[in-house]
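Since the structure comes first, as structure tokens, the remarks are kept for the end.
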Amino acid sequence: QVQLVEFGGGLVQAGGSLRLSCAASGRTFSSYVMGWFRQAPGKEREFVAAISGIGVGGITNYADSVKGRFTISRDNAKNPLYLQMNSLKPEDTAVYYCAARPPGRSSSFYGPYDYWGQGTQVTVSS
């Protein structure tokens with residue numbers, strides 16, 4: 001069974017940091033494009049960050065709202081995928097999801113993605 005599972009969510013004070021991880025099972029995702037999305041209550045899911053496969057290169061992309069604060073990375077030979085979140089703001093509060101797609105599926109980091117995790121809650125207090 002192909003599965004992605006997120007870890008590392010929690011409650012943090014504004015200005016603090018959290019590090020999310022995403023573990024994969026069922027197949028090797030090393031060559032896949034992987035990304036992070038988030039969904040706040042009452043809002044649609046939005047793109048946060050993405051990274052190209054290990055064999056392709058370390059190409060990354062970020063939403064304007066998180067540039068300079070979040071860093072996406074992945075292990076060289078294994079999962080998980082990471083999202084380092086610094087200088088967190090209350091508006092970062094959301095359920096964060098990791099996602100993956102095969103290389104060559106799309107030229108856009110924003111989508112589409114084929115596999116999704118269940119999400120991990122990140123809550124940033126004022």
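Atoms considered below: every heavy atom in the structure, side chains included; atoms not considered: hydrogens, waters and symmetry mates.
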CD (Glu44) with more than 12 external heavy atoms under 6.0 Å: no

Pairs touching residues 48-67 that satisfy salt bridge (charged side-chain N to carboxylate O under 4.0 Å, His left out), sequence neighbours left out: Asp64-Lys67

Of all pairs that satisfy salt bridge (charged side-chain N to carboxylate O under 4.0 Å, His left out), the ones with a partner from residues 3-26, not counting sequence neighbours: none

For Tyr110, ring-ring contact (aromatic ring centres under 6.0 Å, His included) partners two or more places apart: Phe47

Closest heavy-atom pair and its distance - Val2, Arg27: CG2-NE, 3.5 Å

Partners passing salt bridge (Lys or Arg N to Asp or Glu O under 4.0 Å) against Arg69 (at least two apart in sequence or in another chain): Asp92

Tyr115 and Tyr32 aromatic ring geometry - parallel, tilted or perpendicular at 30°/60° bounds: tilted

Separation of Ser73 OG from Met34 CE (nearest 0.5 Å): 11.5 Å

Student check: side-chain heavy atoms of Ile51 and Tyr82 closer than 4.5 Å: no

Gly111 backbone acceptor or donor facing Ser106 side chain under 3.5 Å: yes

Leu20 with Val66, same ILVMFWY side-chain cluster at under 4.5 Å: yes

Partner residues of Val33 under the side chain to side chain contact (heavy atoms under 4.5 Å, CB included) criterion, sequence neighbours left out: Arg101, Phe109, Tyr113

Residues which pass salt bridge (Lys or Arg N to Asp or Glu O under 4.0 Å) with Arg105, listed by chain and number, not counting sequence neighbours: Asp114

Nearest heavy atoms of Asn86 and Ser17, plus distance in Å: OD1-OG, 2.8 Å

Short side-chain to backbone donor-acceptor contact, Tyr62 and Ile72, under 3.5 Å: yes

Non-neighbouring partners of Gln13 that pass side chain to side chain contact (heavy atoms under 4.5 Å, CB included), sequence neighbours left out: Ser125

Minimum heavy-atom distance between Pro80 and Ala23, given as atom pair plus value: CB-N, 3.9 Å

Exercise: identify the closest heavy-atom pair between Ala24 and Leu4: CB-CD2, 3.5 Å

Residue list, side chain to side chain contact (heavy atoms under 4.5 Å, CB included) with Thr123, at least two apart or on another chain: Leu11, Thr93, Gln121

Hphob cluster co-occupancy, Val95 + Leu83, side-chain heavy atoms under 4.5 angstrom: no

Check: Phe70 and Leu88 side chains under 4.5 Å, non-hydrogen atoms: yes

Side chain to side chain contact (heavy atoms under 4.5 Å, CB included) against Arg45, all qualifying residues, sequence neighbours excluded: Phe37, Gln39, Tyr97, Trp116

Inter-residue atom distance Ser52.OG - Ile59.CD1, 0.5 Å rounding: 4.5 Å

Gap between atom OG of Ser21 and atom CZ of Arg74 - 0.5 Å precision: 13.5 Å

Partners meeting side chain to side chain donor-acceptor pair (under 3.5 Å) with Ser108 (sequence neighbours left out): none

Pairwise distance CG(Leu81) to CG(Asp75) - rounded to 0.5 angstrom: 9.0 Å

Other cluster members, Val5 - Ile/Leu/Val/Met/Phe/Trp/Tyr, side-chain contacts below 4.5 Å: Phe7

